Amino acid sequence: MPIEKLAKILNLEAAKYQDRAVFGGLARYADTWSREARVAFVPEADEWVQEVADRLCAYSALSDDGARQKAVTELLGMLQAAPPQREEEEKAVPAPPVPAKTGPAPTLARTGLDSSVTVLQGVGSRQAKRLAKLGVHTIRDMLYCFPRRYEDYSQLKPINRLEYGEDVTIIAQVWDAGVRKTRGGGSLFKATLSDGTGFVEITWFNQPFLADKIQRGKQIVISGKVDEYLGRLCFNSPEWELLEKELLHTARLVPIYPLTKGLGAKWLRRLMKRTVDYWSKRMPDHLPDSVRQEAKLLDLESAIVQIHFPGDKAILKKARYRLAFDELFVLQIGLLRQRHLWRSEPGRPLPVDDGTLDNFTRSLPFELTNAQKRALRQIVADLRTSQPMNRLLQGDVGSGKTAVAAAAMALTVAAGAQAALMVPTEILAEQHFANLAHQIPNLGLLTGSVTGQEREEILAGLSDGSVGAVVGTHALIQEGVQFKELTLAVIDEQHRFGVSQRAALRQKGYNPHLLVMTATPIPRSLELTLWGHLDVSVIDEMPPGRKPVVTRLILPTERERAYSFVRSQVEKGRQVFIICPLVEESAKIEAKSAVEEYKRLQKYIFPDLRLGLLHGRMKGEEKEGTMASFARGELDILIATSVVEVGIDVPNATVMLVEGADRFGLAQLHQFRGRVGRGEHDSYCLLVSGSSSPEAQKRLQAVEATNDGFELAQKDLEMRGPGEFLGTRQAGFPDLKLASVTDLQLIEAAREAARRFFETDPELADPDNRLLARRVVQFWKGEGEVS
Ligand code: ADP
Ligand code: MG
């Protein structure tokens, strides 16, 4: 059956070689197939099954049709020469039950690392369900389910040297033991132990069954905290084990696993021990020897054994290092492959001449900063080559990224090609359009609000090439939009877009040059992991004459004073933003609370001032209307939700008052702050927070203390981790269990190792590297394009 099924899929694949014959691609299908095949074929066929699975895995990474065609032909050949399948009845009747379940059950012969945990002794469907809650489905998952921490019971002490409060282990003989009833109706099991240096009493509550196990004369090991009762040292409900067997729960660094309801700590530890003992030896190392030796890494087997049941702290550290290195190495190989694939298909080189470049920069109302010039030079150099550009442009809020992008777009149009700038909101699109229209001839605007005749004209212009450049929102990636020749795709505030949306814009052209811009600076460590396949230009200098924004933390009780400050600024002719607290549940509720805040302020606090309201549930034209009147100075105060975070430019605004500041991320607060201080006036950012959590205080104080976006980004990443830092929209980041995205040193080491290795075998075609290729695919499973 597995043969027929796979043959069918391969024949389908042979029509186009696009890796579309099965959902998610052949690499992804490999696991499913090999599971089925292992059941269907005789145990001796295991190697053959593995070989087929490996080839399926490698298939998705092959870059050209020729290689894929060859791979399919070979695979079909392998299927023809398939080993025998199991007899029907052998499959139907489960293996005869083994009377006493001792030693590896005979079924193990045909199970592999990707078999379900139910093949393990003592794991039934109920336990399997519970393990699944921990993300453990297969034996391999089990080995990669690492302890959360360790209890250090490695300190062995004689009884006469015990000290109150310490975590220790003692080995002693049971002198006396017995169960008593307590007054409350429970039971108390007491044992007196001696090791020749002294006596100590141990008590366990409500575990009467211990009487059968901890018997007089036995040697036992006790690990736990030393307690005191009536002036004498004792232990209460410590961990214990008989000395007869290998110690698992005591007298060592004891692994503490994540647990869910119904999984006992001791049970899981024992299961883990058996699994690790048996399977770690059967897990081939996917890291190439050369890489392992150069980086001085433990082999995989030792690393897995030691991370679960460490001999001591030093070797535990080595094990963690090896496994963390692994994750980053595989991640980096994935990034390098992505880059390699992009580069292997030519793009269109643009004949940008220096005269056009000079003309453009001279037409700007300001002189570019040195950092802007450098970024622009790097971009121009990319545009001139036939390798499509893949560049990340990053810099602090207000550092002038847009001006650089606009230059690249203008040059593209001047060279006779098309450019598109995609931004996350209509307001921003309109603002960019208004600014760039002076600098880029034939600029179009395409958002959800552009409809009817206007829309028809833009679409026609883009497809016949008469519109050279366009600024727009998601509307740009809709199906009906066609470019004559999209050659430069720019994505602003890229973290606001999902992976597929970014890919969709690229696909509007034929391998266009790609420039992505971030809203906030990105710490170097994250840049190397998440954008490691992109070239990076950093604008690390602000345009001249910017005054730093004065930032102050404010308690809710001081709000009145803040309001009078707001009023005094308005009296001076300035304008003010007031940001409403973030409401996570829904945009609807958030909008509602913004409306209420707006009403309250207008009615009770600023009845004589001109207030405006901006939130995500308003229609495009409404938002535009409000924003435009605020920009023209027709409104004094703009009450808004986080929608203003993104890029709006009103130089006359001098106060940014943020309510519920503790709910926002540091990078986001910095973005808000970047909305003021854009003109000649002194500007202020007031952060209102009623949160008493020390953590929140620390975060807000960081914003108060520095205006440096790079520094804040680093802090934000350290405090909240990459998921929060990047926001939920940044899908497609593979799961790192051990490696930290703030560990720059390790990341650089893994990156360098990956780079050197990659040069030797970019296609991962060498049979020696097949395991690695497989691992890379598994690791990046389900991820489409990253950018
Ligand atoms: P970013 O997108 O990096 O946050 P913008 O490109 O929106 O920043 O630029 C912020 C403001 O600074 C804009 O008003 C822009 O016109 C202005 N600006 C950009 N570059 C310069 C420069 N070199 N000198 C003076 N002003 C500049
Ligand atoms: Mg911007």
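None of the values given here were measured: they were computed from a predicted structure. Counting starts at 1 for both ligands and their atoms, following the listed order.
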Chemist: Between Lys715 and Asp708, does any NZ, NE, NH1 or NH2 come within less than 4.0 Å of an OD or OE carboxylate oxygen?
Modeler: no
Chemist: Is the closest basic N to carboxylate O distance between Arg699 and Asp662 below 4.0 Å?
Modeler: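 So Arg699 does not pair with Asp662 through a salt bridge.
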Chemist: As an exercise, identify every atom of ligand 1 less than 4.0 angstrom from a heavy atom of Asp396.
Modeler: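 Those of ligand 1 that fall under 4.0 Å from Asp396 are 3 (O).
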Chemist: For ligand 1, find out whether one of its N or O atoms is nearer than 3.5 Å to an N or O atom of Phe366.
Modeler: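 The answer is no, given that Phe366 and ligand 1 share no N or O pair closer than 3.5 Å.
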Chemist: Can a salt bridge be assigned to the pair Asp464 and Lys484 using a cut-off of 4.0 Å between side-chain N and carboxylate O?
Modeler: no
Chemist: Using a 4.0 Å cut-off to any heavy atom of Thr402, which atoms of ligand 1 qualify?
Modeler: 2 (O), 5 (P), 6 (O), 7 (O)
Chemist: Give the numbers and elements of all ligand 1 atoms closer than 4.0 Å to a heavy atom of Thr369.
Modeler: 23 (N)
Chemist: For atom CD of Gln697, is the number of surrounding heavy atoms from other residues, nucleotides or ligands below 6.0 Å larger than 12?
Modeler: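 Check passes, neighbour count above 12.
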Chemist: Examine Gly400 against ligand 1 and note whether any of their N/O atoms are separated by less than 3.5 Å.
Modeler: yes
Chemist: Going by the atom numbers of ligand 1, which of them fall below 4.0 Å from some non-hydrogen atom of Val397?
Modeler: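 Result: 4 (O).
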Chemist: Centres of the Phe672 and Phe664 rings: under 6.0 Å?
Modeler: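 Close enough - the centres of the two rings lie under 6.0 Å apart.
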Chemist: Check this for me: does any side-chain nitrogen of one of Glu527 and Arg524 sit under 4.0 Å from a carboxylate oxygen of the other?
Modeler: yes
Chemist: Just jot down the ligand 1 atoms closer than 4.0 angstrom to any heavy atom of Gln372, in number order.
Modeler: 19 (C), 20 (N), 22 (C), 23 (N)
Chemist: Is any side-chain N of the basic residue among Asp382 and Arg377 closer than 4.0 Å to the acidic one's carboxylate O?
Modeler: no
Chemist: Show me which atoms of ligand 1 lie under 4.0 Å from any heavy atom of Leu368.
Modeler: 23 (N)
Chemist: Distance under 4.0 Å to a non-hydrogen atom of Glu367: what atoms of ligand 1 satisfy this?
Modeler: 22 (C), 23 (N), 24 (N)
Chemist: Below 4.0 Å from ligand 1: does a non-hydrogen atom of Gly395 turn up there or not?
Modeler: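 Checking ligand 1 against Gly395, which is what was asked, there is no heavy-atom contact under 4.0 Å.
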